[in-house]
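These numbers come from a predicted model, not from an experiment.
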Amino acid sequence: MDIRETSTGLLALAPGKLNLFLEILGKRPDGYHELVSVMQTVSVFDELAFERTSEGISLSTNTPDAPADERNLVYKAAAILLEESGSRCGARISLTKRVAIGAGMGGGSSDAATTLVALNRLWELHLSQEHLHDLAARLGSDVPFFLYGGTCLCRGRGEIIEPLDEITPLTYVVVTPGLSVSTKEVYQKYRPDLTSGPEDYKLFLSKLRGAGSSDIPPFFNRLEAVTTQLEPQLKLVADRMRHAGLRGVTMTGSGSAFFAVAAGRKEANEAVAGLSQLGIGRVVMAETVGAA
Ligand code: C5P
């Protein structure tokens, strides 16, 4: 996690993520879905600045799409830290969103994990990594992953994390169509396919290890069919990306962003330039980011 000291406090970069593999194993009694996913942090970042104050949490954001109040996961993360530690500190937090919102890239979850780590340091709370992990899981299923970053195997409802060895750095092209998808709605619409068994994550992992950018195994996301049924225009986005010569075109999380692998930076830049002309959404290059 990239957190540095400044003259006024701390400045942090919170990376986005891609789900290289996501399979649903079943529905749980608590309403969540049991899943197995390979998550990867990538080089698109939200920026957070933290200043210590005597009391109260104040949050400002650079876009009305990210609320600057108790609804924001950053605010919730700061509040849960105060509650848990029983301390009476305050913070002025400024959030600059760059990771697309509601795109399946985990920007809000990453902001929350970053806030836990940064304020634990700024407020000198000395909460352990295990304690922060527990608080992260309470904030959201994807939040604990961002305490680790890099490449991780995520299980349970997403909160059981096994860091994996670094994979060959890859260059991705990510298209974020201008529509925000509700994770809750996508999971609600999901129906298991009773005619086939689950995709084999072990096979995926064994092929991913040691693979170069030219022989990466196909990415997989069980939720892609659900989201594209809800938002059929996303199929066109995926088609355009394939047409641009990109490989492994797949949705991340519950969508709506799609990603694919380019052979290198030059190819990625060309694909970004070409796809940007088509009006299918915001197109960016993103690279593998190692563990926090
Ligand atoms: O945990 P989080 O609040 O991010 O999840 C948002 C929603 O996504 C949940 O309310 C739930 O409906 C759904 N979800 C799920 N199974 C998961 C993760 C999320 O059903 N493993």
Side-chain angles (χ1 to χ4, degrees), residues 1 14-42 44 46 72-74 76-77 80 99-117 129-165 167 174 180-192 198-202 204-205 208 219-227 250-259 288-289 291-292:
M1 202 172 281
K17 59 92 173 155
L18 299 173
N19 294 81
L20 306 186
F21 181 98
L22 195 168
E23 178 60 293
I24 297 176
L25 303 174
K27 189 156 183 201
R28 308 171 8 154
D30 63 5
Y32 281 88
H33 291 77
E34 190 71 16
L35 52 85
V36 55
S37 184
V38 178
M39 304 231 261
Q40 173 68 58
T41 39
V42 291
V44 286
D46 286 344
N72 196 305
L73 272 180
V74 167
K76 289 182 183 168
I80 210 172
V99 179
I101 297 170
M105 297 192 70
S109 300
S110 186
D111 297 341
T114 301
T115 301
L116 289 177
V117 175
Q129 175 80 2
E130 292 72 38
H131 201 158
L132 292 182
H133 187 128
D134 175 55
L135 299 183
R138 280 158 58 185
L139 290 167
S141 304
D142 283 351
V143 181
F145 160 69
F146 288 102
L147 295 175
Y148 303 81
T151 317
C152 290
L153 183 65
C154 308
R155 293 168 152 286
R157 60 183 173 88
E159 88 288 16
I160 303 170
I161 313 295
E162 185 188 324
L164 301 170
D165 289 341
I167 60 169
V174 185
S180 174
V181 175
S182 156
T183 301
K184 194 170 184 154
E185 190 183 354
V186 171
Y187 274 107
Q188 270 169 356
K189 292 262 156 58
Y190 164 75
R191 294 288 172 274
E199 278 290 307
D200 186 350
Y201 77 90
K202 286 186 183 155
F204 175 78
L205 279 181
L208 189 66
F219 301 128
F220 176 76
N221 186 339
R222 181 61 71 189
L223 294 173
E224 187 172 320
V226 188
T227 307
T250 307
M251 192 180 80
T252 177
S254 53
S256 60
F258 276 72
F259 66 98
T288 301
V289 167

Minimal heavy-atom distance between Asn19 and Gly104, with the atoms involved, is OD1-O, 4.1 Å
For Thr114 and Met1, the nearest pair of non-hydrogen atoms, with its separation, is CA-SD, 3.7 Å
Step by step, work out the side-chain contact (heavy atoms from CB on, under 4.5 Å) result for Phe204 and Val36. CA-CA 12 Å; Phe204 175 78; Val36 55; over 6 Å; no
Check: [X] side chain, [Y] main-chain N or O, donor-acceptor pair, under 3.5 Å:
X	Y	value
Glu23	Glu199	yes
Arg222	Pro192	no
Thr227	Leu223	yes
Asp46	Val99	yes

Suppose we screen for side chain to side chain contact (heavy atoms under 4.5 Å, CB included). Which residues come up paired with [X], at least two apart in sequence or across chains?
X	result
Asp200	Lys202, Leu203
Thr250	Phe219, Asn221, Glu224, Phe259
Ala103	Ala100, Met105, Thr176, Ala257

Do the rings of Phe220 and Phe21 sit parallel, tilted or perpendicular, given the 30° and 60° boundaries?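 Correct class here is tilted.
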Let me see the working for Val174 and Val44 under side-chain contact (heavy atoms from CB on, under 4.5 Å), right down to the final yes or no. CA-CA 10 Å; Val174 185; Val44 286; over 6 Å; no
Side-chain donor-acceptor pairs under 3.5 Å in residues 144-156, sequence neighbours left out?
{"from": "Tyr148", "atom 1": "OH", "to": "His133", "atom 2": "ND1", "distance (Å)": "2.8"}
{"from": "Thr151", "atom 1": "OG1", "to": "Gln40", "atom 2": "OE1", "distance (Å)": "2.6"}
{"from": "Arg155", "atom 1": "NH2", "to": "Tyr201", "atom 2": "OH", "distance (Å)": "2.4"}

Applying salt bridge (Lys or Arg N to Asp or Glu O under 4.0 Å), name anything that partners Glu159, two or more places apart in sequence or on another chain.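 Partners of Glu159 under the salt bridge (Lys or Arg N to Asp or Glu O under 4.0 Å) test: none.
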Please enumerate all residues that pass salt bridge (Lys or Arg N to Asp or Glu O under 4.0 Å) together with Lys27, with sequence neighbours excluded. none
